[in-house]
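Letters A, B, ... are given to chains in the order of the sequence lines, protein chains preceding strands, and every chain is numbered from 1.
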Amino acid sequence: MAAAAERIGGLARGEDRSASAVWSWLTTVDHKRIGILYLFSSMIFFLFGGLEAFLMRLQLMRPDAHVVSFALFNQLFTMHGLTMIFLAVMPMSVGFINYMVPLLIGARDVAFPRLNALSFWLFLAGGLVLNSSWLLGGAPNAGWYNYAPINTGAVVHGVSLNPGSDTLGIDFYVIGLQLAGIGTLLSGINFVVTIINMRAPGMTPMRLPLFVWASLITSLIIVFAFPPFTINLVLLMIDRMFGTGFFDPARGGNALLWQQLFWVFGHPEVYILIMPAFGMISEVIPTFSRKPLFGYSSMVFALVVIAFMSFMVWSHHMFTVGMGPVVNSIFAATSMAIAVPTGVKIFNWLATMWGGRIRFTTSMLYAVAFIVCFVIGGMSGVMLAVPPADYQFNDSYFLVAHIHYVLIGGALMALFAAAYYWLPKITGRLLNERLGRWNFWLVFIGFNVTFFPMHFLGLMGMPRRVATYPANLGLGFWNTVSTVGVFILTAGIVVFLYNLKRSAQHGELAGPDPWDGRTLEWSLPSPVPEYNFAEIPLVRDRDPLFAEKVHGNGRLVPAQIAEAHAAEEHASAHPAGIHVPNPTILPFVVAVALTVTAFAAIFRVWPLAILGLLAAFFAIFRLMYDHDPGHYVQPEEGAR
Amino acid sequence: MSAPEVRTLEATPVGPYRLPTPAENTKLGIWVWLASDCALFAALIATYVSMHGHVGHAPTPQQLFDLPLTATATFVLLLSSLTMGLGLEAAQHGEHQRLMRWLVVTMILGLAFVGLQAVEFTTYVHRGLTPDASNFGASFFTLVGFHGLHVTFGVAWLLSIFIFVVRKGPLGPRDLWRLEAASLYWYFVDVVWVVIFTVVYLLGKVS
Ligand code: HEM
């Protein structure tokens with residue numbers, strides 16, 4: 001029994017490199033390994049999304065080109081947007097949230113470890129279902145926001161609005177995103193509870209690291225924003241599979257209903273993408289400026305206000321559909337107002353750097369680039385929020401420039417900063433700084449060369465989502481420049497991948513605290529042991545580790561453990577060691593069952609769909625009632 | 001001695017550490033989940049409100065709705081909240097037999113509600129209101145059916161607790177949270193029904 005437990009414990013730590021290593025990844029419930037799974041799979045999806053973008057830019061490099069067919073181009077921009085948003089950037093943030101939040105709050109795991117595993121497998125299942133459409137009859141092709149009625153295959157005056165949408169592509173959209181969305185919702189719930197309930201003693205709300213605040217707010221946005229999308233997908237599914245007419249104006253339906261429900265979700269969604277980035281930047285900048293974060297409380301307040309307001313601006317995506325001047329004015333005002341709390345954050349970051357002893361590591365370079373690019377994206381955002389101007393900008397390349405300045409210049413730059421900052425904690429090895437510099441400058445220059453000209457293209461009248469353009473419009477020059485930028489950007493990404501590989505093989509050992517950090521995770525060995533903290537720390541300051549370095553002896557003080565628990569679960573005083581949950585295959589089983597349901601629904605095999613659902617529910621109930629005795633791990637010598 | 005700018009860090013500002021219990025975590029988790037479920041129903045109800053005027057050639061709400069039937073169903077569901085509460089109260093006092101009785105009654109009431117809904121739906125379909133007949137039909141069946149699925153899931157959840165107790169013995173204080181979590185969900189589903197009953201049936205009959 002004990003031997004078996006020991007073996008499983010070894011598996012969970014990934015010590016076995018044979019076939020059972022795969023099994024250990026399938027069954028893991030350790031938030032750190034789940035975080036790694038998120039980071040790894042989102043990286044792969046990112047490369048897919050990047051490849052799609054690359055093909056699009058090749059096609060658009062010269063006028064009247066035929067690199068890809070027009071039908072394929074529609075699928076490319078749709079899948080590129082979906083992949084980047086739902087399968088690359090969002091899960092990459094979730095990966096860092098998974099790995100880092102418990103460490104940052106001084107916890108040994110998340111509130112619901114097995115639910116956490118389920119979230120991951122559902123996300124992966126959704127991503128695979130969506131991408132399998134490439135092989136099974138064509139990918140979705142109606143844009144990432146998939147407007148009605150082109151998504152329903154509606155026929156007007158005998159002409160199909162979207163000849164492609166009568167294939168199954170849109171069904172893959174509906175079902176794939178539904179699966180991934182459930183996974184996201186579950187991790188949102190998990191992290192709300194984790195952050196509220198699992199904090200170490202002394203980690204009061206106003207001492208939470210800003211990344212944790214950002215994660216909490218992100219999770220809350222997820223909890224409230226995903227349901228309207230779920231419903232939207234359900235309605236579209238019913239329309240497409242059972243012949244109702246929710247979105248079909250010809251039958252009394254309302255195509256704008258899709259838009260409303262989509263953007264009630266969609267706008268908060270872009271804040272789901274950017275909030276964790278805010279948090280990451282707020283960790284990186286103080287560390288490399290050797291100063292506490294300036295204006296901590298106003299930073300927290302700004303996050304909360306932005307989150308709240310993110311639910312009140314959705315109709316700025318619909319200025320041109322004819323909502324009327326009153327509605328347009330209201331949404332213009334709320335949209336511009338959201339720039340105020342965002343400005344507060346920008347100034348606080350600048351003030352944090354002001355007078356600091358700045359170390360320009362690659363991570364810090366990315367953080368500074370984030371500020372620059374995000375401000376540019378924010379400026380074009382305010383321009384777009386002016387309805388009369390938006391009548392010109394809407395659906396032009398100006399908008400493509402804007403979204404990429406906030407999504408790449410914002411979210412992705414922050415993710416790179418976080419990668420250089422935190423991957424040494426995760427892998428135990430530093431990334432090379434020289435390569436990092438190459439990586440940074442290539443990405444930064446390539447990104448700006450690609451996307452800045454798109455502002456001009458937009459103002460010159462080039463619409464988005466066009467597969468090509470005639471030569472006599474004079475759009476060729478800037479399009480060529482833009483595509484050249486993509487080559488530079490791609491080179492930068494390749495350098496990053498090489499840096500990852502090189503670091504994994506013979507990167508310099510990071511040690512526990514390579515950056516002279518401020519927060520709890522830097523008190524732990526890199527990589528972090530399975531149980532995280534040998535002793536639950538007592539948090540005595542907003543920058544706990546830094547305070548101990550300056551005012552104490554440089555080590556965290558262990559917290560007092562409640563008597564009643566000293567001999568019970570999870571207390572470090574237990575003679576057998578530290579209690580950790582056992583691995584289980586059930587979350588994976590649930591995801592597989594739901595994947596079967598997904599494909600069965602796409603191909604309308606209803607009995608199989610119901611069977612899959614029942615199997616999934618059965619496994620969920622098993623998960624709920626199987627008592628997990630857990631097992632004990634001895635902390636390493638010296639860790640105590 | 002220490003330099004002047006060194007301040008002493010607080011000793012123990014808070015009570016000793018203890019891991020939150022499954023009860024604390026699960027109940028908070030359920031609350032958050034229910035909050036998101038509120039948004040789910042909000043989206044559905046908004047859809048219904050924006051669609052229910054499109055009756056086309058299909059029967060209208062005024063022609064179809066049978067208030068006595070729905071009122072009975074409503075009564076049955078609200079009664080189940082009461083029996084759920086009685087069951088929970090019994091469990092809190094460790095009265096095993098009484099808990100099991102109320103659990104069974106609650107499940108029967110829940111099933112009766114779903115059954116009445118099935119009767120209602122078949123009647124409407126026979127009278128010409130299929131989901132694809134009009135957008136009133138589509139949004140009505142989606143909203144009310146979605147709620148019906150919630151009740152069905154609730155019954156399955158209660159059944160799973162019933163089986164758990166049968167297999168593992170009386171619900172001890174350590175497992176009480178399982179019932180509390182399910183009961184939160186059950187009350188929520190009942191409260192949502194009150195909204196649906198008002199918005200769909202009562203307003204549908206008068207407008
Ligand atoms: C890595 C470099 C990237 C390049 C070269 C790139 C390029 C492009 C191009 C050419 C388009 C199509 C524009 C059109 O035809 O209308 C596009 C659309 C889009 N991109 Fe990117 N992109 C990149 C990264 C990203 C990232 C990281 C995100 C999000 C997190 C993103 C989100 C989007 C979205 C949402 C669309 C709109 C899709 C639609 O029209 O439905 N992109 N991108």
- Query: Top residue by heavy-atom pair count (under 4.5 Å) with chain B, among A:Ile189, A:Leu220, A:Asn190?
  - Reply: A:Ile189
- Note on the structure: Counting heavy-atom pairs under 4.5 angstrom with chain B, the leader among A:Phe617, A:Phe224, A:Phe246 is A:Phe246
Within the 4.5 Å heavy-atom criterion, are [X] and [Y] side-chain neighbours or not?
| X | Y | answer |
| --- | --- | --- |
| B:Thr26 | A:Phe112 | yes |
| A:Pro227 | B:Asp37 | no |
| B:Leu19 | A:Arg108 | no |
| B:Ser160 | A:Tyr625 | yes |
| A:Leu257 | B:Met51 | yes |

- Message: I need the single residue from A:Thr244, A:Ile238, A:Ile231 that forms a side chain to side chain contact (heavy atoms under 4.5 Å, CB included) with B:Thr142. Which is it?
- Response: A:Ile238
Region of [X] that comes under 4.5 Å of a non-hydrogen atom in chain B:
| X | result |
| --- | --- |
| A:Leu235 | side chain |
| A:Ile196 | side chain |
| A:Phe226 | neither |
| A:Phe229 | neither |
| A:Phe621 | side chain |
| A:Ile222 | neither |

Are more than 12 heavy atoms, taken from residues, nucleotides or ligands other than [X], located less than 6.0 Å from that residue's [atom1] atom?
| X | atom1 | answer |
| --- | --- | --- |
| A:Phe308 | CZ | no |
| A:Phe618 | CZ | no |
| B:Trp177 | CH2 | yes |
| B:Tyr48 | OH | yes |

Is [X] in contact with chain A via its backbone, its side chain, both, or neither, using a 4.5 Å heavy-atom distance?
| X | result |
| --- | --- |
| B:Trp157 | both |
| B:Ile161 | both |
| B:Arg167 | neither |
| B:Phe153 | side chain |
| B:Thr130 | neither |
| B:Ser139 | both |

- Best-contacting candidate, B:Ala43, B:Gly29, B:Ser36, against chain A by heavy atom pairs under 4.5 angstrom: B:Ser36
- Judged by atom type as modelled, is there a donor-acceptor pair below 3.5 Å linking the side chain of B:Asn135 to the main-chain atoms of A:Gly245? yes
- What's the verdict on side-chain contact (heavy atoms from CB on, under 4.5 Å) for A:Met198 and B:Asn25, showing C-alpha distance, side-chain angles and the deciding distance? CA-CA 9 Å; A:Met198 308 283 285; B:Asn25 279 347; 3.8 Å; yes
- Kindly indicate, with the supporting measurements, whether the criterion side-chain contact (heavy atoms from CB on, under 4.5 Å) is fulfilled by B:Thr47 and A:Leu261. CA-CA 9 Å; B:Thr47 304; A:Leu261 286 178; 3.9 Å; yes
- Query: What are the two closest non-hydrogen atoms of A:Met624 and B:Arg178, and how far apart are they?
  - Reply: O-NH1, 2.7 Å
- Query: What pairs meet the ring-ring contact (aromatic ring centres under 6.0 Å, His included) rule with one or both residues in residues 112-133 of chain B, with sequence neighbours excluded?
  - Reply: B:Phe113-B:His147, B:Phe113-B:Trp193, B:Phe121-B:Phe140, B:Phe121-B:Phe141, B:Tyr124-B:Phe140
